[in-house]
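Heavy atoms only: backbone and side chains are in, while hydrogens, waters and symmetry mates are out. By convention in this document, chain letters (A, B, ...) are assigned in the order of the sequence lines, proteins followed by strands, and residues within each chain are numbered from 1.
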Amino acid sequence: MIELYEQLKQRYALGEISVQRFDLVFITVPRENLASLLLYLRDTEGFTHLVLLTAVDWIEDNKFQLTYLINNRESATDLGLRVIIDRDEASMESIHDLWPTAATYQRELKEMFGIDFPGSPRIDEDFILEGWTEIPPYRRDFDTLEYSRDTYLERPGRSTSDPAQHMKQLFYPEDKD
Amino acid sequence: MDKKTHKDPAKTSAELPSVDLNPPEVQPQKPPAPPAERTIELPEELRKRTVKGPGGVEIEVEPLRDYYCEAPPTVMPAAYSKIVEDLFNWARAESIWILGFGTGCGAIEMRPLMTPRYDAYRYGIQWRPTPRQANLFVISGYLSVKTLKRAIRSYEQMQNPKYVVGLGSCTINGGMYWDSYNTIKRLDEYLPVDLYITGCMPRPEALLAGFMDLKRMIRAGEAEGANKYAEYFDWYKANQKRVIKDWDMPDYSW
Amino acid sequence: MGFEWIKIPYSLLTLFIVVNYGLLLNALIAKIAARVGRRHGIPIWQNYVDMIKNYGLRTSITHGVMFYMGPVFRLSGGVGLLLFVPTIYGSVMFSNLSFAGDLILALYFVFFGTLGMALGAGESGHPYAAIGVSRGLAQVTAAELPFALAVFAVALQYETLSVTEIVAAQQGSYLNWTLFTNPFAVAAAMLSFLGSMMRPPFDVVLAPQEIPIGPPTEYHSSYLALMQTNRAIFPIAKMVVYMNLFFGGAVSWPIFFVKIFLIYMVSVLVGVVFPRFHVEHSVRWFLIWAVPLGVIAVAIV
């Protein structure tokens with residue numbers, strides 16, 4: 001994998017690399033290079049399978065991180081490409097022309113994070129949520145607990161307890177500390 | 001989570017300490033939902049439109065009005081004679097047809113009931129694939145808003161008398177989905193529930209015990225959920241519409 | 001010769017016995033199937049309870065006139081078939097309304113119920129109902145072909161169109177049954193019988209897992225109860241025809257019960273063993289295996 005990184009580095013501008021395991025590596029890439037890099041990796045390096053496409057909300061940096069995880073069946077290795085995009089007006093180039101399945105991931109990201117992928121098929125249709133009116137629910141500034149309290153009626157009488165404390169009380173009630 | 005509800009799954013609704021299954025007389029003290037950021041429009045195929053028929057005739061089509069009956073449900077009286085009603089109640093109790101609609105993870109607990117080990121058929125319980133023929137709707141687990149919409153439509157297509165059983169703690173107070181943005185917490189706000197079966201998940205034995213309880217209620221003539229739904233129809237509809245933001249179906253579909 | 005009015009209550013008595021026998025028989029078959037799977041199965045009276053419940057539902061909705069007529073047609077198919085065929089041979093009480101040409105009428109009635117169902121289910125507007133009905137019509141038509149050939153063979157063989165006379169010709173010994181005098185016709189008819197009993201391998205019409213339950217998807221309450229009643233009558237009525245044509249008829253009720261049960265078990269046993277056919281498979285199967293047998297039966301008579 002390191003050789004692959006070195007080899008790619010001669011052709012593309014790449015960011016930092018983080019090696020998770022011998023068969024799982026994440027590379028940060030600039031967003032302009034992503035499509036050509038994915039195409040190269042798919043057609044030449046044998047990374048034919050798009051495992052997943054997901055996003056992370058780095059709200060402190062005002063950034064979204066998109067992770068494209070691709071898999072090489074021959075060598076059983078996974079390669080993750082990270083792309084950092086702006087959180088405001090978040091938008092990214094669609095890769096549905098490389099993997100048609102990516103369109104589904106992109107629909108989900110549009111709905112759950114509000115990241116737009118212009119040109120992706122059916123991108124504006126509801127994916128899981130129907131009639132969602134708030135900000136996208138997977139953004140970290142969306143308070144799911146508060147929303148749930150406001151929207152859905154609660155039944156009184158619900159209580160929570162710390163499991164460790166509960167078991168201690170149950171079995172060692174005399175132990176005070 | 002209330003410890004008491006978890007203690008013995010085989011004990012059912014009697015265990016629930018203070019659950020009032022009746023809709024309150026007063027309207028709930030809820031502020032109206034905050035103004036929507038985006039307004040939701042009806043899907044194209046449901047909008048009112050003009051269609052050109054053969055020969056240039058223009059026909060106005062309004063799918064939500066044309067294809068559905070709009071009349072709200074009415075409270076249906078019992079049979080005139082008490083003996084006849086008792087006979088019917090006995091038959092209803094001995095022949096419970098469950099709608100085969102699994103709404104959550106609890107659906108997996110219903111399947112063992114058909115197997116030789118539990119064999120619910122010997123109690124006259126069987127599954128029907130269509131809501132028209134079913135009498136019992138088992139809400140098996142958490143109900144997301146999207147599923148709630150389907151559940152309401154299925155429930156309304158069932159014929160009076162019909163019963164609803166909430167299965168698992170998710171239907172009672174949200175269970176482990178108590179802070180989810182997409183899961184309702186009190187089923188009886190939206191559908192008239194006759195019986196809750198506690199547990200996460202309840203074992204099939206608990207389900208059987210719950211069905212036995214339901215049978216007793218039906219025989220005693222207490223399971224009148226359909227009439228309750230008709231009586232408090234506006235209250236139920238208001239609750240439903242508060243969570244289902246894109247209401248793209250008729251108010252009552254049958 | 002005037003019409004004997006006493007025949008009407010006698011026929012109704014037959015009908016009553018057959019309805020009860022049919023309900024119990026259906027439950028018994030379900031019970032046997034459950035026992036094979038080591039379950040207790042439904043109580044033997046479950047069908048009665050289901051019917052009472054369905055008649056006792058408080059609401060029912062309609063989709064139009066034909067929606068009403070569907071179950072009525074279906075029921076009249078079953079009842080008509082039963083009434084125009086002698087149930088017990090040689091009994092004045094249970095010969096019903098049979099007359100000289102009743103064989104042809106019976107052939108019509110076998111098909112009548114499916115047609116009525118097609119009209120009613122079409123009116124309900126449910127897509128699954130339409131799929132189920134189109135499958136049902138294709139399959140029943142294919143299954144009807146060998147049965148018709150077998151009936152022609154039998155009619156030619158005995159040179160009559162009266163079921164009573166056909167039964168009369170088979171009396172005396174087991175060897176006089178059509179089963180032994182014209183085995184090809186019986187074979188063709190029994191294959192057709194499998195196809196019309198809505199049991200595996202020919203139950204794709206109802207196909208519970210796939211198109212929920214096909215034609216009756218939209219039927220409920222009293223409509224469904226009416227169809228349940230028919231489900232008790234129609235198989236029995238059809239088996240009465242088979243019994244009369246091919247298995248020597250019945251001279252008393254106990255023989256009737258035993259013979260009907262055995263004929264029913266044929267389709268049940270086949271159904272337990274074989275998986276479900278597609279409609280196109282079953283049509284092809286009928287045309288390849290059953291129709292030639294029927295042609296042979298007609299040819300050798």
Side-chain angles (χ1 to χ4, degrees), chain B residues 67-69 71 73-79 81 84-97 99-101 113-136 156-162 215 218 224 226-227 229-230 252-254, chain C residues 23 27 30-64 67 71 121 124-129 132 206-228:
Chain B
Y67 301 157
Y68 299 96
C69 180
T74 48
V75 178
M76 301 300 288
S81 157
V84 176
E85 182 67 14
D86 281 350
L87 172 71
F88 282 161
N89 276 337
W90 169 78
R92 283 163 196 155
E94 293 302 315
S95 152
I96 294 180
W97 289 4
L99 175 61
F101 180 11
L113 289 181
M114 303 182 210
T115 59
R117 188 178 172 111
Y118 299 106
D119 188 25
Y121 291 102
R122 66 201 148 123
Y123 300 118
I125 296 167
Q126 53 171 306
W127 281 260
R128 301 303 289 190
T130 152
R132 291 280 188 225
Q133 297 171 8
N135 310 113
L136 173 61
E156 288 176 351
Q157 287 181 46
M158 287 157 64
Q159 300 299 316
N160 186 347
K162 48 192 170 183
K215 275 190 174 193
I218 297 173
E224 289 288 350
N227 281 344
Y229 190 69
Y252 188 68
S253 40
W254 48 291
Chain C
L23 287 171
K31 190 103 178 152
I32 291 173
R35 282 314 215 177
V36 170
R38 307 194 108 192
R39 288 190 288 118
H40 277 283
I42 59 174
I44 200 87
W45 58 83
Q46 184 66 46
N47 286 339
Y48 292 97
V49 183
D50 287 347
M51 266 174 55
I52 296 175
K53 182 204 68 176
N54 275 329
Y55 281 120
L57 283 183
R58 293 189 190 132
T59 55
S60 58
I61 58 160
T62 178
H63 294 280
F67 190 71
S124 81
H126 200 286
Y128 288 150
L206 296 175
Q209 290 85 10
E210 176 199 356
I211 47 166
I213 44 178
T217 304
E218 277 288 303
Y219 280 100
H220 54 270
S221 317
S222 317
Y223 311 119
L224 187 65
L226 217 55
M227 285 163 66
Q228 281 178 310

Looking at [X] and [Y], what are the two nearest heavy atoms and their distance?
X	Y	value
B:Pro116	C:Gly37	CG-O, 3.2 Å
C:Gln228	B:Trp97	NE2-CH2, 3.6 Å
C:Leu57	B:Pro161	CD2-CD, 3.5 Å
B:Asn227	C:Arg58	ND2-NH1, 3.6 Å

- Distance only, no hydrogens: is a donor on one side chain within 3.5 Å (strictly under) of an acceptor on the other, for B:Gln159 and C:Thr59? yes

- Note on the structure: So, the part of C:Leu224 with a heavy atom under 4.5 Å from chain B: the answer is side chain

Just verifying a value: how many Å separate [X] [atom1] and [Y] [atom2], rounded to the nearest 0.5 Å?
X	Y	atom1	atom2	result
B:Glu94	C:Gln46	CD	CD	7.5 Å
C:Tyr223	B:Arg132	OH	CZ	10.0 Å
B:Ile96	C:Asp50	CD1	CG	11.0 Å
B:Tyr121	C:His40	OH	NE2	15.5 Å
B:Ser95	C:Ile52	OG	CD1	9.5 Å

- C:Lys53 charged N/C atom sitting above B:Trp90 aromatic ring, 6.0 Å / 45°: no

- Query: Checking heavy atoms, do the side chain of B:Thr74, its backbone, both or neither come under 4.5 Å from chain C?
  - Reply: neither

- Go through the atoms of B:Pro131 and report whether side chain, backbone, both or neither lie under 4.5 Å from a heavy atom of chain C. neither

- Item | Most chain C-contacting option - heavy-atom pairs closer than 4.5 Å, from B:Val84, B:Asn135, B:Thr115, B:Asn89 | B:Asn135

- Note on the structure: One option among C:Ala34, C:Pro43, C:Ala30 has the most heavy-atom pairs under 4.5 Å with chain B, and it is C:Pro43

